[in-house]
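So the structure is just underneath, and the comments pick up after that.
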Amino acid sequence: LHALEAQIGKSVPAVDPDSGGVMARVLLLFESPSRKGVQLGSRIVSCDNDDLTAKNVWEAHRDTGLLRQWCIAWNIVPWYVGTDERNESPTDDDLQRGSELLPSFIELLPDLEVVIPIGVKAAAGLKSTYPSLVSRGIEVIEKTPHPSPRVFNRWGWAKPRFHASF
């Protein structure tokens, strides 16, 4: 983690110690860390964080039977891209930089079987890595909506689709 932070010059939250870690079979690939998780909270990418998006992920684990111990959560852009006051979406440059780092992260996961890009930005950032995943026999579950309350509340299909991906 420290080497990655030194390489990109930004703070990166840690992987959830209650996840599958390097033995994970499922990569939950999110967009970017939240302000609450990075600046105000745990500094860990975790469904135990104190925000509604994390709560929605926790509930999906509980309701679908996809154990968090089988998964590892990461972000296509692993650093925080917002301001001190609010979250912001990653830029195309952020996505490009993050996607260049992703293969090194994936190499740390020898048992990886499935990648779930969560949200449009994560899916876009995964495009360059997609061919290498397929060649390794890793399944990619596409069109998974972001679990933010704004998405779940705005589109009635989003929560069932998110759970179906799990």
Side-chain angles (χ1 to χ4, degrees), residues 1 4-5 10-91 94-95 98-99 101-102 105-106 108-109 111-126 138-166:
L1 193 59
L4 177 60
E5 289 178 330
K10 298 183 185 268
S11 178
V12 176
V15 170
D16 187 343
D18 291 330
S19 73
V22 296
M23 303 312 290
R25 296 183 297 186
V26 179
L27 170 58
L28 305 175
L29 187 64
F30 293 92
E31 178 181 301
S32 62
S34 71
R35 179 172 88 78
K36 197 163 189 179
V38 173
Q39 293 181 323
L40 306 174
S42 68
R43 293 201 20 83
I44 296 173
V45 180
S46 174
C47 63
D48 288 330
N49 285 341
D50 186 21
D51 63 76
L52 293 175
T53 297
K55 177 182 179 256
N56 288 338
V57 175
W58 189 91
E59 288 175 352
H61 280 298
R62 179 196 66 202
D63 296 345
T64 66
L66 179 63
L67 300 178
R68 63 193 282 190
Q69 294 83 1
W70 298 342
C71 302
I72 189 166
W74 192 245
N75 291 284
I76 189 66
V77 178
W79 60 88
Y80 177 64
V81 296
T83 67
D84 286 343
E85 291 78 36
R86 59 181 224 135
N87 291 332
E88 292 183 8
S89 291
T91 64
D94 291 326
L95 289 171
S99 68
L101 299 169
L102 185 60
F105 183 79
I106 289 173
L108 299 173
L109 309 172
D111 297 331
L112 187 64
E113 297 174 11
V114 177
V115 176
I116 305 175
I118 297 172
V120 175
K121 297 277 186 168
L126 185 65
I138 296 171
E139 181 180 359
V140 178
I141 298 178
E142 300 186 66
K143 300 189 187 301
T144 301
H146 194 281
S148 73
R150 183 173 57 209
V151 170
F152 277 15
N153 291 335
R154 186 171 189 184
W155 293 293
W157 55 265
K159 183 175 181 177
R161 176 68 185 114
F162 184 75
H163 283 226
S165 293
F166 271 44

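The figures here come from the full heavy-atom set of this structure, side chains too, leaving out hydrogens, waters and symmetry mates.
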Residue pair V15, F105: steps toward the side-chain contact (heavy atoms from CB on, under 4.5 Å) verdict: CA-CA 11 Å; V15 170; F105 183 79; 4.3 Å; yes
Trace of the side-chain contact (heavy atoms from CB on, under 4.5 Å) decision for F152 with N56: CA-CA 9 Å; F152 277 15; N56 288 338; 3.5 Å; yes
G82 backbone acceptor or donor facing N87 side chain under 3.5 Å: no
With sequence neighbours excluded, residues passing salt bridge (Lys or Arg N to Asp or Glu O under 4.0 Å) with R43: E5
Residues V57, F166; criterion side-chain contact (heavy atoms from CB on, under 4.5 Å); working and verdict: CA-CA 10 Å; V57 175; F166 271 44; 4.2 Å; yes
Exercise: identify the closest heavy-atom pair between I72 and G21: CD1-O, 3.7 Å
For P33 against P78, the heavy-atom pair lying closest together: CG-O, 3.4 Å
Inter- and intrachain pairs under side-chain hydrogen bond (donor to acceptor under 3.5 Å, both in side chains), touching residues 141-160, at least two apart: T144-S165
Side-chain touch L27/C71, heavy atoms, less than 4.5 angstrom: no
Side-chain H-bond candidate by donor/acceptor type, T91 with D94, under 3.5 Å: yes
I76 vs S99 side-chain heavy atoms within contact, under 4.5 Å: yes
Between CZ on residue R68 and CG on residue D16, distance to nearest 0.5 Å: 4.5 Å
Gap between atom CG of L109 and atom CZ of R25 - 0.5 Å precision: 13.0 Å
From I141 atom CD1 to I118 atom CD1, the distance as rounded to the nearest 0.5 Å: 10.0 Å
Value rounded to 0.5 Å, distance of CZ in F162 from OG1 in T64: 8.5 Å
Distance (rounded to the nearest 0.5 Å) between W74 CH2 and L101 CG: 9.0 Å
Other residues, nucleotides, ligands: >12 heavy atoms within 6.0 Å of D18 CG: yes
Minimum heavy-atom distance between D84 and R35, given as atom pair plus value: O-NH1, 3.2 Å
Steps toward side-chain contact (heavy atoms from CB on, under 4.5 Å) verdict (N75, Y80): CA-CA 10 Å; N75 291 284; Y80 177 64; over 6 Å; no
Side chain N49, main chain D51, donor-acceptor under 3.5 Å: no
Considering all heavy atoms, the nearest A122-F30 contact: CB-O, 3.6 Å
Side-chain (K121) to main-chain (P90) donor-acceptor, under 3.5 angstrom: yes
Nearest non-hydrogen partners of P145 and A158, listed with the distance: CG-O, 3.2 Å
Between CD on residue E31 and CG on residue L95, distance to nearest 0.5 Å: 7.5 Å
Nearest heavy-atom neighbours spanning A54 and S46: CB-O, 3.7 Å
